[in-house]
Amino acid sequence: MLRVAHTIHHDHDPSLVLLAGVLCAFGSWVVSRLYHHALGRPRAQALTWYVLTAMTAGVTIWCTHFIAILAYQLDAPASFHLSLTFASLIIAILGSTLGIVIAGLGRGFRATVIGGTFFGLAVAAMHYTGMVAYRVQGTIRWDMGYLVASVIIAMVLSVVALHFARHGGARSVLKMTVMLTFVILALHFTGMAAFQVTPLANIPAYDNPDAYTLIALIIAGTALIIVLAAFFSYFVETRTRQE
């Protein structure tokens with residue numbers, strides 16, 4: 001845990017870390033509201049809402065990851081493999097859909113465990129696909145202890161988050177929001193603690209370009225629009241049903 005705290009404090013731009021955290025928390029709240037709403041719908045209607053929930057979750061997870069990656073301060077130039085970066089988004093959406101549909105349509109704690117495990121694996125697969133897409137001019141070494149720990153954290157806490165949605169009482173949405181936010185951020189930064197880079201010897205001192213901040217803001221704005229659209233759909237459906 002000390003290395004995780006160190007990498008957040010020492011190796012990242014705090015303003016972009018804050019941006020990623022705020023986006024993650026808001027997106028997780030919308031996901032929790034949508035999922036809780038879907039749980040109360042008839043089975044035929046619920047499937048549509050589970051897919052909408054999962055798409056919102058996938059976008060939230062991916063954008064949080066990408067902004068946090070832009071916050072990472074390397075001493076060497078880095079770039080992104082576009083095809084793999086896009087693939088990480090698809091993995092996040094499809095994996096979230098599988099996990100949420102299994103947990104939502106299934107009955108009992110077993111379905112929650114299976115669905116939460118798939119959801120956690122989706123978060124982890126998205127993260128590490130994104131890291132493979134992150135091309136840096138240096139020697140990369142992975143700490144397998146932190147890597148395995150990050151995957152286990154994601155799976156276990158995802159099960160807890162989905163369990164809170166059904167059995168969290170009056171504050172089930174709040175509990176799921178907090179846990180889902182923690183899942184995404186804990187997986188990311190524990191994974192970053194496993195990622196160790198030694199810049200090539202002939203590369204001079206290097207700072208991330210200011211353009212990274214602009215890219216992060218654009219991504220955050222796009223994610224915010226998508227998440228708000230999902231929440232607006234929930235609001236309209238709820239209001240129509242009440243009328």
Side-chain angles (χ1 to χ4, degrees), residues 23-65 86-127 129 154-184 187 222-243:
L23 174 63
C24 183
F26 178 70
S28 296
W29 176 72
V30 175
V31 169
S32 300
R33 292 294 299 267
L34 292 174
Y35 185 68
H36 190 268
H37 177 74
L39 289 173
R41 305 274 68 75
R43 194 177 184 87
Q45 296 179 15
L47 181 59
T48 300
W49 284 99
Y50 288 136
V51 172
L52 179 61
T53 301
M55 292 181 65
T56 306
V59 170
T60 297
I61 293 165
W62 184 84
C63 289
T64 299
H65 163 83
F86 180 73
S88 68
L89 172 61
I90 301 303
I91 289 171
I93 293 175
L94 294 182
S96 297
T97 302
L98 181 61
I100 286 175
V101 168
I102 290 174
L105 294 182
R107 293 291 183 268
F109 186 65
R110 178 181 296 180
T112 300
V113 171
I114 296 173
T117 299
F118 274 113
F119 187 92
L121 287 173
V123 180
M126 178 283 310
H127 173 82
T129 301
M155 291 190 296
V156 173
L157 296 186
S158 293
V159 171
V160 175
L162 293 177
H163 176 73
F164 280 158
R166 287 186 181 274
H167 305 285
R171 297 185 178 181
S172 57
V173 172
L174 176 60
K175 291 180 179 179
M176 182 178 176
T177 298
V178 172
M179 189 55 61
L180 194 57
T181 302
F182 189 63
V183 168
I184 299 169
L187 175 281
T222 303
L224 184 61
I225 291 172
I226 295 172
V227 170
L228 285 174
F231 185 68
F232 181 72
S233 299
Y234 157 77
F235 175 78
V236 170
E237 197 272 348
T238 302
R239 184 64 179 269
T240 301
R241 185 161 49 84
Q242 290 176 345
E243 292 178 351

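Computed over heavy atoms, backbone and side chain alike; hydrogens, waters and symmetry mates excluded.
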Test item: R166 side-chain N/O and L39 main-chain N/O as donor-acceptor pair under 3.5 Å: no

Atom of V31, atom of T53 and distance for their closest heavy-atom approach: O-CG2, 3.6 Å

I100 versus A54, closest heavy-atom pair with distance: CD1-CA, 3.7 Å

T97 and I93: CA distance, side-chain angles, deciding distance, side chain to side chain contact (heavy atoms under 4.5 Å, CB included) verdict: CA-CA 6 Å; T97 302; I93 293 175; 4.3 Å; yes

Validation row: F119, I61 side chains within 4.5 angstrom (heavy atoms): yes

From F164 atom CZ to L157 atom CG, the distance as rounded to the nearest 0.5 Å: 9.5 Å

Heavy-atom closest contact (G27 atom, T60 atom, distance): CA-OG1, 3.5 Å

Residue pairs, two or more places apart or on separate chains, that pass ring pair (Phe, Tyr, Trp, His ring centres under 6.0 Å) and touch residues 37-59: Y35-Y50, H37-W49, H37-Y234

Mind listing the side-chain donor-acceptor pairs of residues 170-184 below 3.5 Å, one per line with the distance, residues two or more places apart or on another chain?
residue	atom	partner	partner atom	Å
S172	OG	H36	NE2	3.3
S172	OG	G169	O	3.3
K175	NZ	G168	O	3.3
T177	OG1	S32	OG	3.2
T177	OG1	V173	O	2.7
T181	OG1	S28	OG	3.4
T181	OG1	T177	O	2.8

Over 12 non-hydrogen atoms of neighbours within 6.0 angstrom of CE in M55: no

Distance in Å, F26 CZ paired with T64 OG1, rounded so as to fall on 0.5 Å steps: 12.0 Å

Student check: side-chain heavy atoms of T117 and V159 closer than 4.5 Å: yes

Contact check, side chains of I90 and W62, non-hydrogen atoms, under 4.5 Å: no

Exercise: identify the closest heavy-atom pair between A103 and L162: CB-CD1, 3.7 Å

Least distance between heavy atoms, G115 atom then I102 atom: N-CG2, 3.8 Å

Smallest separation among heavy atoms of L89 and G58, with atom names: CD1-O, 4.3 Å

Point-to-point distance, once rounded to the nearest 0.5 Å, from NE2 of H65 to OG1 of T129: 8.5 Å

